[in-house]
Trainee: 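Have a look at this one before I ask anything.
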Amino acid sequence: MNGPHDMGGMHGMGPIPIEPDEPVFHSEWEAKVFAMSFATFCNFFPVDETRHASERMPPGDYLSSAYYERWLYALELLLTEHNLVTLAEIEQRIAELVQGE
């Protein structure tokens with residue numbers, strides 16, 4: 001099955017922007033998503049399952065999301081599918097973080 005992640009080699013998609021001196025992470029939250037994902041690779045679900053989870057992102061969302069937004073989508077999806085947290089718990093924590101800003 002083809003998805004937006006299977007676009008490698010397609011023409012007409014425009015240039016790939018390259019940032020000189022690009023930082024490893026553009027925001028602190030990206031580093032946190034990276035760390036949490038690596039922790040789960042070793043303890044709960046392997047990297048291949050995580051990749052498959054990100055590939056299940058709706059195509060429009062996948063194409064308009066940044067790299068670590070796809071990682072976050074996969075992490076949240078797998079955490080809920082493996083019953084490690086509930087969607088309600090994730091939404092509650094997001095609300096708490098928004099109120100704290």
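For this chain, numbers begin at 1 and follow the sequence in order.
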Trainee: Tell me whether Trp71 is reachable from Leu63 by hopping between hydrophobic residues (I, L, V, M, F, W, Y) whose side-chain heavy atoms are closer than 4.5 Å.
Mentor: no
Trainee: Can you tell me how far the CG atom of Leu87 sits from the CG atom of Leu79, to the nearest 0.5 Å?
Mentor: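 The CG atom of Leu79 is 11.0 Å from CG of Leu87, to the nearest 0.5 Å.
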Trainee: Check whether Phe38 and Met36 end up in the same hydrophobic cluster, where Ile, Leu, Val, Met, Phe, Trp and Tyr are linked by side-chain heavy atoms less than 4.5 Å apart.
Mentor: no
Trainee: Please check if the side chain of Thr86 supplies one atom and the backbone of Glu89 the other of a donor-acceptor pair under 3.5 Å.
Mentor: yes
Trainee: Are Phe45 and Val85 linked, directly or through other ILVMFWY residues, by side chains that come within less than 4.5 angstrom of each other?
Mentor: yes
Trainee: When you look at CZ of Arg51, are more than 12 heavy atoms from neighbouring residues, nucleotides or ligands closer to it than 6.0 Å?
Mentor: no
Trainee: Testing the basics here: between Glu69 and Met57, what is the closest heavy-atom pair and its distance to 0.1 Å?
Mentor: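 Closest pair (atom of Glu69, atom of Met57, distance): O-CE, 4.3 Å.
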Trainee: Tell me the closest heavy-atom pair linking Ala53 and Tyr73, and the distance in Å.
Mentor: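 That would be O-CE2, 3.5 Å.
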Trainee: Mind checking whether Trp29 and Leu97 have side chains closer than 4.5 Å, heavy atoms only?
Mentor: no
Trainee: Below 30° counts as parallel, above 60° as perpendicular, anything between as tilted: where do the rings of Tyr68 and Phe34 land?
Mentor: perpendicular
Trainee: How many angstroms lie between CD in Glu19 and NE2 in His26, if you round to the nearest 0.5 Å?
Mentor: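 Rounded to the nearest 0.5 Å, the CD-NE2 separation comes to 3.5 Å.
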Trainee: Could you go through His82 and Phe44, starting from their C-alpha distance and side-chain angles, then the distance that decides it, and tell me whether this counts as ring-ring contact (aromatic ring centres under 6.0 Å, His included)?
Mentor: CA-CA 8 Å; His82 286 262; Phe44 297 104; 8.0 Å; no
Trainee: Quick check for you: to the nearest 0.5 Å, what is the distance between Leu72 atom CG and Lys32 atom NZ?
Mentor: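 One finds 12.0 Å between CG of Leu72 and NZ of Lys32.
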Trainee: Can you confirm whether Thr40 sits close enough to Leu78 that some side-chain heavy atom of one is under 4.5 Å from a side-chain heavy atom of the other?
Mentor: no
Trainee: Is it true that atom CD of Glu22 has more than 12 heavy atoms of other residues, nucleotides or ligands lying nearer than 6.0 Å?
Mentor: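 Enclosed.
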Trainee: Nearest heavy-atom pair of Arg70 and Ser54: which atoms, and what distance?
Mentor: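 What the structure gives for the nearest pair is O-CB, 3.8 Å.
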Trainee: Rounded to the nearest 0.5 Å, what separates atom CD in Gln99 from atom CD1 in Ile94?
Mentor: 12.5 Å
